[in-house]
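Working notes, structure below.
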Amino acid sequence: MDKHAAALIIEEIGTLMELQGENPFRARAFYNAARALEQVEGEFDALVAEGKLEQVRGFGPATIAVARELAETGASSVHHELRSRTPDGLFDLLRIPGLGAKRVHLLHTQLGVESLDDLERAAEEDRIASLPGFGQRTQAKLLEGIAYLRSQMGRSRQPEAWAIAAALTEFLCARAGVVRVEIAGELRRRLETVRGVDVVAVVSEQAAPVITAFLEIPGARGGERVGASGARVRLGDGIEARLTCVPPDAFAAALLYATGSDAHVAAVVARAEAQGYRLNEFGLWRGEERVPVSDEATLYRVLGLDYIEPELREAGFEVALAAEGGLPTLVALTDLRGCFHCHTSYSDGRASLTEMAMAAKARGWRYLGIADHSRAAAYAGGLSVEQIERQHAEIDAWNAEHGHELWLFKGMETDILPDGRLDYADEEDVLGRFDYVVGSVHSSFSLSEAEMTQRIIRAMEDPHLTLLGHPTGRLLLGREGYPIDMDAVIDAAADAGVGIEINANPNRLDMDWRHWRRAKERGILTAINPDAHSTQGLGDVEYGIGVARKGWLTAADVINTWPLDEVRRHFAEGRRR
DNA sequence: GCCGTTTTCGGCCCGACTGTTTTCAGTCG
């Protein structure tokens, strides 16, 4: 069994225990074991077979028994038994802000609530407010949370969607007659969350056998045909996958249509008409004759347009700009030379400073900014002044020995306190010891929009602040960001010369791409920051690249594409601000 | 359930906030 899959099951045992109202510390033991498993080196089956788990901190007799059963049979009877007496709907309830396992358990046992629908009914019938620990305000907030979850239903975050897309591509490429498979739709446009995965397959002969195979892909359910050449199924956690099969000469038009957006396609169709062509999802036509276009780039070129990257295909006005050669050269993953927001085991990161540095070097990066939590973030092991000094000594030692290969910057993710001061700000010259400072909000989310905006603007007045971290605090599919006047924040950042990060964690993708064109016009710089808590987490920069590209950003707009010397100069100038 | 001992039970990341309470449980980051 795959280590990650095993860890997920062990973790779910913990969640199920909590939902069943068991001792929360017992549940935590399973969470700890799952986390320990993710960190330990080696293949899962070998770890179990060689008895190596016995030495792993966090594993004891009960968790080892589960691991052994998973390795031998691929399933866990403990997990199965808990799962069978826990309604699936309770997992959805956990996603509502303000509801944890205790309260879900109470709602379940006291009111028989087993799903979002049940909860909504109970709240509307005013049955929740009278439960111990609940009240009118909580009841109203739950209804808000349900409405938000409903609005996000059927959507998936990028990692899950890309995993499905990769598996689908591999599966389809192996079918006879399939010559090419491309991901399309919202995923190709790199939207922060997507409603399903769209795939276009070029088939050399009959589409029917490919569609039949698609409908019978392992794990598929609820499959149905769409017209003569398409089908949809549900895969994984219920994410919808849609397939369109086309002959080679229809590929370019079909991919354009399947990629969208509707507004973009409409603008391209209008452009085609203006140029004396007719465009539909089966091809490009002049009169009754098909115009041969082998791929999208050719299709755009025939219409007198520069190639329009999928990320730019949203509102439709990009088509007019493409006609004038007015599109930017978008930043790409290969442009990155480092990043400025990652955590180490000094605070809540899983990897040591050295491990993070080596991982950055292995990615071919030239520098890495370490930004652990500040003291106010006590839950995350925020650093005391003594720990900062120790970390800085370690960074100096690394740079002395390895700085010519990978330079480490001394950074900090400093809490923006409720009144807008930066953590450590009233202590003599603590913030001045860093090369740069990322300021983030981690507490007091329920301020009003005016207060929150003021809080952040005040933080930007502190000359130590280099970058604003995840500016809305949103968690995709989980929690809306706190209310904030982003236009005012952008203006204040521009005035203060503070950059705004693109937090590349796929749960955040914050600041949102929709704000970046305006921010760029105001001259605001960004850094694509993975907010990594592990060595693998550094790879999340890929999702941030998607945001930057959707925001029309070029490499020049993104500080972590700059050469080391330029970054140093930029930080030094910030210091003198 | 696991850990770590002042070695066999008591504590478990920790402080703030919120909405309940009328002194605190639950949630969150």
Side-chain angles (χ1 to χ4, degrees), chain A residues 10-11 13-37 53-67 76 78-79 82 93-107 110 123 128-145 343 345-350 372-384 387 413-419 423 440-448 451-452 455 469-470 472-475 478-482 503 505 507-508 510 531 533:
Chain A
I10 293 170
E11 188 185 356
I13 290 174
T15 307
L16 287 161
M17 284 176 161
E18 281 203 280
L19 288 171
Q20 289 292 338
E22 290 204 34
N23 178 354
F25 293 114
R26 199 165 159 240
R28 184 180 297 173
F30 282 82
Y31 294 139
N32 290 341
R35 226 169 78 184
L37 182 57
L53 284 186
E54 275 83 346
Q55 276 106 61
V56 176
R57 220 178 106 94
F59 272 91
T63 42
I64 285 172
V66 169
S76 153
V78 176
H79 177 251
L82 279 164
L93 299 185
L94 278 179
R95 292 171 52 201
I96 299 176
L99 274 193
K102 278 237 166 88
R103 284 176 158 176
V104 169
H105 177 67
L106 189 78
L107 288 163
Q110 297 290 305
I128 292 176
S130 54
L131 286 179
F134 289 79
Q136 286 296 341
R137 290 188 75 146
T138 305
Q139 185 168 268
K141 270 182 82 173
L142 291 182
L143 281 172
E144 275 174 36
H343 298 271
S345 47
Y346 274 89
S347 67
D348 63 348
R350 285 192 240 151
D372 271 314
H373 286 284
S374 70
R375 197 174 34 196
Y379 63 90
L383 271 56
S384 66
Q387 285 173 303
E413 183 183 21
T414 307
D415 267 38
I416 298 175
L417 303 175
D419 64 2
D423 200 9
S440 306
V441 167
H442 288 123
S443 62
S444 297
F445 290 145
S446 52
L447 299 182
S448 70
E451 288 167 327
M452 192 60 94
R455 174 186 188 179
H470 49 70
T472 75
R474 73 178 180 185
L475 292 176
R479 172 181 85 200
E480 282 184 279
Y482 35 74
N503 190 295
N505 183 308
N507 297 312
R508 295 188 182 271
D510 185 13
D531 198 353
H533 288 72

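The structure presented is a predicted model; accordingly, all values stated were derived computationally and were not measured. Order of the sequence lines sets the chain letters (A, B, ...), proteins ahead of strands, with each chain counted from 1.
Residue-level contact check: A:S443 touches neither bases nor backbone, having no heavy atom under 4.0 Å from any strand. Within the 4.0 angstrom heavy-atom criterion, no nucleotide atom of any strand lies near A:P132. Among the heavy atoms of the strands lying under 4.0 Å from A:N23 is at least one base atom, whether or not backbone atoms are also near. Nucleic acid contact class of A:P24 (heavy atoms, under 4.0 Å, all strands): none. Heavy atoms of A:A380 sit nowhere under 4.0 angstrom from any nucleic acid atom. Within the 4.0 angstrom heavy-atom criterion, no nucleotide atom of any strand lies near A:G381.
For A:Y482 and B:dC17, the OH to P distance is 15 Å, given to the nearest whole Å. Atom NE2 in A:H442 sits roughly 16 Å away from atom P in B:dC28 (whole-Å rounding). Between A:H373 atom NE2 and B:dG15 atom C1' there is a gap of 15 Å when expressed in whole angstrom units. Atom pair A:F59:CZ and B:dG4:P shows a separation of 15 Å (rounding to whole Å applied). Protein atom NZ of A:K141 is 12 Å distant from nucleotide atom C1' of B:dT20, rounded to whole Å. Spacing between atom CD of A:E480 and atom C1' of B:dC28 amounts to 17 Å, rounded to whole angstrom units. Distance NZ (A:K102) to C1' (B:dA25): 8 Å, rounded to an integer number of Å. Taking atom CZ of residue A:F134 and atom C1' of nucleotide B:dC24, one finds them 15 Å apart after rounding to whole Å.
Between A:H79 and A:S76, the shortest heavy-atom contact is N-OG, 3.0 Å. Considering all non-hydrogen atoms of both residues, A:H343 and A:D372 come closest at CA-OD1, 3.3 Å. Of all heavy-atom pairs between A:A67 and A:F59, the closest is CB-CE2, 4.3 Å.
Proximity of A:I128 to A:L107: side-chain heavy atoms (C-beta onward) are separated by under 4.5 Å at one or more points. Residues A:S444 and A:R455 meet the side-chain proximity criterion, which asks for heavy atoms closer than 4.5 Å.
Distance from the side chain of A:T138 is smallest for B:dG19 among the nucleotides B:dG19, B:dC2, B:dC12. Closest to the A:R103 side chain, of the nucleotides B:dG1, B:dT20, B:dG26, is B:dG26. Out of B:dC12, B:dT20, B:dG1, the shortest distance to the side chain of A:R28 is found at B:dC12. Side chain of A:R57, nearest nucleotide from B:dC13, B:dC3, B:dT20: B:dC3. The side chain of A:P418 sits closest to B:dC17 out of B:dG19, B:dC17, B:dC2. Picking from B:dC17, B:dC12, B:dC2 the nucleotide with the shortest atom distance to the side chain of A:S444 gives B:dC17.
As rounded to the nearest Å, B:dT6 and B:dG1 have C1' atoms that lie 23 Å from one another. Across the P atoms, B:dT20 and B:dC28 are found 15 Å apart, a figure rounded to whole Å. Taking the P atom of each, B:dG19 and B:dC9 are spaced 43 Å apart, rounded to whole Å. For the P atom pair drawn from B:dA16 and B:dG10, the interatomic distance equals 29 Å after rounding to whole Å. B:dC2 sits 15 Å from B:dT7 when the C1' atoms are compared, rounded to a whole Å. Rounded to whole Å, the P atom of B:dC13 lies 15 Å from the corresponding atom of B:dT5. The separation of B:dT21 from B:dT27, taken at their P atoms, amounts to 15 Å, rounded to a whole angstrom.
Between A:R35 and A:F445, the residue anchored nearer the 5' end of DNA chain B, judged by the nucleotide with its closest heavy atom, is A:R35. Across the interface with DNA chain B, nearest-nucleotide mapping of A:F30 and A:Q136 shows A:F30 to be the residue nearer the 5′ end.
Just one residue in the list A:D423, A:I416, A:L417 forms a side-chain contact (heavy atoms from CB on, under 4.5 Å) with A:S374, and that residue is A:D423.
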A:N507 vs A:N505, side chain to side chain donor-acceptor pair (under 3.5 Å): CA-CA, chis, key distance, verdict: CA-CA 5 Å; A:N507 297 312; A:N505 183 308; 3.2 Å; yes

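In this structure B:dT8 sits in no base pair that meets the Watson-Crick or G-U test at under 3.5 Å.
The glycosidic torsion of B:dT8 lies within 90° of 0, placing the base in the syn range.
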